[in-house]
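Proteins come first, then strands; the chains are lettered A, B, ... in the order of their sequence lines, and each starts at number 1.
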There are 2 protein chains.
Amino acid sequence: MSADSPLNVTINDVASAAGVSRATATRALKGEGRIADETRKRILETAERLGYVPNTNAAELAAGRTGTVGLMLRDASNPAYGRLFSSLQDEAHRRGLDLVTVTVGADQQGAKQVDALRRLLGMRVAGLIVATGGVNTDQLEPFAEQVPIVRAGRMETGGRIHAVYYDEQTHGRMLAAHVLELGHRRVAVLAGGADVSFTEQLRATAMRGTLADAGAEVTMIAAGAPPEDGVSDALEAVRAGATAVMCASDPRQLAVLRAARDAGIAVPGSLSVTGCDGLLPGGDLLGLTTVRIPVEQVAAAAVEAMQSLLAGGAESQPVRRGFAGELVTGSTAGPPGR
Amino acid sequence: MSADSPLNVTINDVASAAGVSRATATRALKGEGRIADETRKRILETAERLGYVPNTNAAELAAGRTGTVGLMLRDASNPAYGRLFSSLQDEAHRRGLDLVTVTVGADQQGAKQVDALRRLLGMRVAGLIVATGGVNTDQLEPFAEQVPIVRAGRMETGGRIHAVYYDEQTHGRMLAAHVLELGHRRVAVLAGGADVSFTEQLRATAMRGTLADAGAEVTMIAAGAPPEDGVSDALEAVRAGATAVMCASDPRQLAVLRAARDAGIAVPGSLSVTGCDGLLPGGDLLGLTTVRIPVEQVAAAAVEAMQSLLAGGAESQPVRRGFAGELVTGSTAGPPGR
DNA sequence: GTGAAAGCGCTAACAA
DNA sequence: TTGTTAGCGCTTTCAC
């Protein structure tokens with residue numbers, strides 16, 4: 001059946017319209033193999049004229065390989081993931097890698113995450129970049145020997161899975177050191193609980209370590225996912241004597257700042273606040289004290305790793321690269337008040 | 001060849017391991033057609049045991065249809081697109097639609113955009129949601145009769161392409177009315193030029209119209225893509241007597257606020273500033289005066305439209321639904337100073 | 001209720 | 001340089 005509309009045009013239509021065989025048409029379209037210049041041109045023109053759009057499903061099935069890399073992404077409304085997403089895309093474009101993305105809501109259970117994983121694997125992607133904490137090593141490992149898997153943003157312990165990650169320990173320590181240097185000795189640390197955010201836990205634990213090592217008194221507050229969660233506990237701690245609240249993320253920092261404003265607590269006069277991420281547009285105007293996480297570096301390194309894995313075959317050692325960001329000193333943290 | 005690793009397991013392996021034919025295996029796996037309960041269970045178990053991951057490429061090729069909807073997205077580092085992206089994903093998940101996303105950098109030329117379009121079409125997606133201005137009606141039209149196309153976020157004039165969009169005219173008018181109400185009569189409007197952002201142009205034009213109709217004196221400033229662009233021109237206009245700068249986007253508003261701060265101009269004392277988008281986390285703390293665009297509504301309506309198009313076949317009339325957001329009055333705009 | 005067989009659109013040897 | 005011929009992994013009539 002011939003073409004009534006572009007998407008129904010097959011390579012057969014192109015071939016017969018150009019008066020050649022399917023194989024020749026393939027060669028012309030792919031620009032490979034020996035083919036007469038004139039024939040190729042004719043075929044290309046015919047394809048163009050017919051509006052031929054190659055069916056990549058069929059092509060990849062026949063060729064037994066795929067040219068695209070799958071990206072598993074966590075909810076992009078979080079600025080940190082949104083930026084990571086677009087940086088990954090940019091870098092992939094730059095390097096000529098095709099990316100297809102599927103996302104999984106931040107809240108979604110393991111089942112959904114595995115769903116997304118299977119969708120990508122079902123497409124037989126050539127590689128996998130995983131930018132969500134929701135899927136764990138055990139779920140990834142079985143596929144690691146077939147397709148290179150790079151985790152982006154977070155450390156990975158699985159032996160066959162590569163990782164390019166934020167050095168969150170350092171971030172936590174940098175912030176804690178800053179707070180200590182300002183003179184604080186009673187500090188509340190507000191972070192999502194272990195079940196909520198692994199990243200925040202990493203940061204919070206590092207903060208606590210550094211603070212405690214310096215002899216400061218630390219109150220740990222474990223919150224749920226919504227940034228407003230645990231804020232009242234934090235203010236409680238402040239009333240009980242804490243002079244600083246260290247948040248494990250900038251959205252939480254915003255929530256604390258709001259609450260402080262509403263409660264008439266002067267920042268940084270009576271209360272110092274810190275966050276982590278450094279990605280909020282306008283964060284400078286707010287004077288947020290935070291760490292700017294190295295999104296672009298992580299993205300670039302992740303894509304680079306993927307590309308070399310795709311090219312070079314399996315390495316003996318998994319890639320492991322961590323990146324630390326920079327402290328952004330703002331006006332939300334100062335010396336302890338009163 | 002039998003299975004050495006999950007992704008190499010084919011339905012043939014499952015079928016023979018379970019002692020049935022391929023056809024029966026398909027029935028069991030898809031849960032359709034007549035099949036003995038016991039057989040099905042056995043096949044399902046076998047598939048599970050072997051770690052079978054169906055090859056969706058092959059499945060869709062054979063079935064002649066696709067279950068996934070393609071999403072073309074503009075650079076997600078812009079908060080407006082990041083939010084739209086995650087809202088679209090959420091809504092798609094909710095409705096059980098599978099989405100695969102490809103992005104195109106905001107800066108990229110037409111060629112790249114068409115590339116992305118062809119990649120999606122090459123996958124023979126069942127539908128297309130277009131959330132980037134970079135691809136125009138003419139490029140979309142040829143495919144519109146094969147696959148439903150819904151543009152999300154921006155109006156569309158092509159007869160066969162559906163659109164769910166922000167009512168930017170109303171947004172511009174709302175903001176202008178607010179500024180007028182505050183008493184401003186000399187206003188600068190700062191927006192990306194026609195070649196930079198269609199959306200900003202729409203907003204800016206509406207602002208100018210409303211302002212001019214009320215007899216205000218309007219200075220239009222056309223800027224490049226970077227938010228800092230044109231800011232100095234805006235301040236120039238302020239020195240020349242304008243009492244308000246209306247920005248066509250929140251990032252531009254931030255840029256103006258920064259510049260005003262650096263120049264020692266009091267906001268809103270000597271200068272009122274407005275933006276548009278209302279999506280910046282922390283915008284409330286900054287007191288941004290803006291319009292919160294109805295991202296969630298647009299996303300929901302776009303996905304809903306897609307779903308009904310997928311189900312119901314072609315409608316006679318293209319979908320056309322516009323949504324307006326709400327004015328957010330902040331502390332960056334007040335009565336004209338002095 | 002199950003199997004056999006004919007493709008889906010394309011690629012890749014291998015011949016010619 | 002080009003055509004012929006097998007498939008890729010799966011779905012789907014149509015018989016049995």
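- Although no hydrogens or angles enter the test, the distance criterion places no donor-acceptor pair under 3.5 Å between the side chain of B/Arg154 and the main chain of B/Arg151.
- Taking side-chain N and O atoms only, B/Ser21 has no distance below 4.0 Å to OP1 or OP2 of C/dT2.
- The separation between A/Leu7 atom CG and C/dG9 atom C1' is 13 Å, rounded to whole Å.
- For B/Leu61, whose side chain is taken as the heavy atoms from C-beta onward, the closest listed nucleotide among D/dC10, C/dC10, C/dC8 is C/dC8.
- Classification of B/Arg320 and B/Glu156 as a salt-bridged pair fails, no side-chain N sitting under 4.0 Å from a carboxylate O.
- Between D/dT11 and B/Thr26, a contact under 4.0 Å exists linking OP1 or OP2 to a side-chain N or O.
- Using a 4.0 Å cut-off between a side-chain N of Lys or Arg and a carboxylate O of Asp or Glu, B/Asp115 and B/Arg118 do not qualify as a salt bridge.
- A salt bridge links B/Glu304 and B/Arg321; the closest N-O separation between the charged side-chain nitrogens and carboxylate oxygens is under 4.0 Å.
- B/Arg65 comes within 4.0 angstrom of sugar-phosphate atoms only, judged by non-hydrogen atoms across all strands, and of no base.
- Along DNA chain C, the nucleotide nearest to B/Ala58 and the one nearest to B/Gly19 differ in position, and the one closer to the 5' end is contacted by B/Gly19.
- Straight-line distance from the CZ atom of B/Arg124 to the P atom of C/dC8: 14 Å, rounded to whole Å.
- Nucleic acid contact class of B/Ala59 (heavy atoms, under 4.0 Å, all strands): sugar-phosphate only.
- Separating the CD1 atom of B/Ile11 from the P atom of C/dG3 is a distance of 12 Å, rounded to the nearest angstrom.
- Of the charged side-chain nitrogens involved, at least one lies within less than 4.0 Å of a carboxylate oxygen, so that B/Arg95 and B/Glu91 count as a salt-bridged pair.
- Taking atom CG of A/Asn8 as the reference point, atom P of C/dC8 lies 13 Å away to the nearest angstrom.
- Residues B/Thr137 and B/Ile161 share a closest heavy-atom pair of O-CD1, 4.1 Å.
- At whole-Å resolution of the value, CD1 in B/Ile43 and P in C/dT2 are 8 Å apart.
- Rounded to an integer number of Å, the gap from A/Asn12 CG to D/dT5 C1' is 14 Å.
- DNA chain D lies under 4.0 Å from at least one heavy atom of each of the following residues of residues 29-42 of chain B: B/Lys30.
- Spacing between atom CG of A/Asn57 and atom P of D/dG7 amounts to 22 Å, rounded to whole angstrom units.
- Within the nucleic acid shown, A/Ala63 comes within 4.0 Å of sugar-phosphate atoms alone, with no base atom in reach, counting heavy atoms only.
- Of the listed residues (B/Val164, B/Val319, B/Leu97), just one forms a side chain to side chain contact (heavy atoms under 4.5 Å, CB included) with B/Met306, and that residue is B/Leu97.
- The side chain of A/Arg27 lies closest to C/dC14, out of C/dG7, C/dA12, C/dC14.
- Straight-line distance from the CD atom of A/Glu60 to the C1' atom of C/dG9: 12 Å, rounded to whole Å.
- Look at B/Arg22 and you won't find any side-chain N or O under 4.0 angstrom from OP1 or OP2 of C/dG7.
- Of the side-chain N and O atoms in A/Thr24, one or more sit less than 4.0 angstrom from OP1 or OP2 of D/dG3.
- Remark: A/Thr101 pairs with A/Gln89 by the side chain to side chain donor-acceptor pair (under 3.5 Å) rule, at least two apart or across chains.
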